[in-house]
Amino acid sequence: MYYSAIGILALMILLIENQDIILNRSGAFDNRAWKVYRKFLFSVMIYYVTDIFWGIIEARKLSCLLFVDTSFYFIAMAVGVFYWTRYVVVYLGEDELYNKFLSAGGSIIAVAVTILSAVNIFVPVLFTVDHECVYKALPARYVILAAQIFVLYVISVHAIISMLRKKAPEDIRKRQRTLAFFGLIMATFLTIQIWFPYLPVYSIAYMLGTCLLRAIVIGDEKEEYRKKLAEAIRVDEERRLAEKMHDEEVAYGRINALAGTFLAVYVVDPETDKFRVFSSNESFDAYDLAKEGEDFFNETVRKGESIVYPEDLEKFRSRFTKEHILNEVENSDRFAMTYRIVMGGRPVYVQTRAAMVEENEVKRLIVGISDYDLIVRQEKDNERRLAQAQNLANIDALTGVKNKHAYLDEEAHLDKLIAEKVVPDFAVVIFDLNDLKSVNDTEGHNAGDKYICDACKIICDIFKKSPVFRVGGDEFAVVATGEDFAHIDELLDRMKEHNEEALNDGGIVIACGMSKHYKDEKTALVFERADHNMYENKTALKELKK
């Protein structure tokens, strides 16, 4: 039972440290390496379970169950080596023959151990368990364990060589050293396990190794992921805040207008058109308008000829009629019109509002003219600042082209046109940069950023009349309409020619896939086809590079 205590402790530590990965909370891990690492953790958990049961069963001397559990024990161990090999190969990201050889080695070991475990049921080659529950190792056990030790050492050496060969930033080199150290720990402890089968040595190695990986490799990567996510949230929050400020300032401006000082207030009899000035200030009195009269609407329009700013005069004439004002008051309880008058030699915004009230059971039309200049200019300034904020939120900071948020807006706009059956002919073109990870790892992230910017310029130079969007770290999209859509095949040929030259002279290779809209109900379907075509092109370009 003491044997099982180590496995139980190791399993608890694994679950506590890696619960976010194991449960995949909020899509905690989205790239390929993280997904393989998650599978590796599951294989470690299965190994712990078999090791825990091995101790319990051996203590109770249940020979048949011990035989079954030991068989699964060897398989779980080999599967762990297989997923560890896959994780290191994917993490280092080098698409070489040597990596394929390492992956194949891990697969061969896992398959061989599974076959030997099955054979061992009928012909003892790995181990035996006698009726007294005594475990005895056989030659094949030493062979398969030695093979796993060899693979673990080779993987460690591979990680060290990769670290020394590339001029990567120190944080990446530290993670690569950790990968190498993990393999050395596992290989060393597995060597000890060969000679001491009744000790949970390999469980201790897994416990130490996974803690090390969590602290240095996974921990650092999660922090990077968190920072990128926080930055994306910050940009989105700034955009939302700008929109909220605009809405609040507009609402405040309108409330202020209702409570603000009127230049003049008229009381009008809607039946006879007689009027009188209820109140007016000095600046409005300077226009020397009548304090009362018999024909409010016509007199106001006539006086307006000399007061209203020329560019707004036609609007004033057409809207300031008795019929139009009374109709709006009847339908929406009030009339409002904003225009400019010449005051102090410059155009000033004013607003004329009208509402119907009852005075001693007699209806009267109250018409007020208020200074609206500050409010309108504030609204225009707010609109300008909102447009700037929205533009900033829609621009990729690195390349200067539109970002993923802008692409989603464009996709929503196209979906609306599709639903209304007025969508123009368009095509979606997806681009993916080859070898960006290699540039980041060997030359650093500054070089990687320049690589992205140079690739973006190539795309923009070819698709000059279409919006270019950066929709991922190394992925771009173009929505081609109009002239670019009409010449889409020629543009794709230019991209093909560029890639052929890049393959020959070591330039930037950009995988490309295109799809046209054809009776699709959603733009996303066009995007998916283009993305699929891009991956086919990416595979073909890699084959040509070989």
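Along the sequence shown, the residues carry numbers beginning at 1. Since we're looking at a predicted model, the values are computed, not measured.
- A salt bridge is defined here as a Lys NZ or Arg NE, NH1 or NH2 lying under 4.0 Å from an Asp or Glu carboxylate O, and D396 with K404 fails to meet this definition.
- Defined by atom type and a distance below 3.5 Å, a donor-acceptor pair is present between the side-chain atoms of Q351 and T338.
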> Can you check side-chain contact (heavy atoms from CB on, under 4.5 Å) on R494 and H498, steps first, answer last?
Replying inline: CA-CA 6 Å; R494 287 182 58 190; H498 162 79; over 6 Å; no
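- Looking at D449 and N446, their side chains never bring a donor and an acceptor atom within 3.5 Å of each other.
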>> side-chain contact (heavy atoms from CB on, under 4.5 Å), that's the test. Do L15 and M45 meet it? Break it down for me.
In response: CA-CA 9 Å; L15 292 172; M45 289 170 57; 3.8 Å; yes
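- A donor atom on one side chain and an acceptor atom on the other are not found under 3.5 Å apart for T300 and Y266.
- H487 and E483 share no donor-acceptor pair across their side chains, judged by distance under 3.5 Å alone.
- Residues V401 and F476 are in side-chain contact: their nearest non-hydrogen atoms beyond the backbone lie under 4.5 Å apart.
- Between F316 and F320, the ring planes are parallel. Angles under 30° get that label, and only those over 60° would be called perpendicular.
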> Can you list the steps and then say if V268 with R364 is a side-chain contact (heavy atoms from CB on, under 4.5 Å)?
Replying inline: CA-CA 6 Å; V268 183; R364 291 288 182 263; over 6 Å; no
> Going through the distances and angles, do F527 and Y407 end up as a ring-ring contact (aromatic ring centres under 6.0 Å, His included)?
Replying inline: CA-CA 11 Å; F527 183 99; Y407 176 79; 5.6 Å; yes
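- Proximity of C512 to V429: side-chain heavy atoms (C-beta onward) are separated by under 4.5 Å at one or more points.
- Between F182 and F40, the ring-plane angle classifies as perpendicular under the 30° and 60° cut-offs.
- D520 places no side-chain N or O within 3.5 Å of a backbone atom of K522 that could act as its donor or acceptor partner.
- To the nearest 0.5 Å, the span separating CG on N499 from CG on L503 amounts to 6.5 Å.
- By the 4.5 Å heavy-atom criterion applied to side chains, V81 and V79 are not counted as neighbours.
- Side-chain atoms of H324 and E328 form a donor-acceptor pair, as typed in the model, at a separation below 3.5 Å.
- Of the N and O atoms on the side chains of S438 and D435, not one donor lies less than 3.5 Å from an acceptor on the other residue.
- In this structure, H517 and F426 have parallel ring planes: the angle between them is below the 30° cut-off, well short of the 60° mark.
- Classification of E475 and R470 as a salt-bridged pair fails, no side-chain N sitting under 4.0 Å from a carboxylate O.
- For the 3.5 Å distance criterion, the side chains of N434 and K542 fail to qualify, holding no donor opposite an acceptor.
- Put simply, the side chain of N537 never gets that close to the backbone of N533: no donor and acceptor are under 3.5 Å apart.
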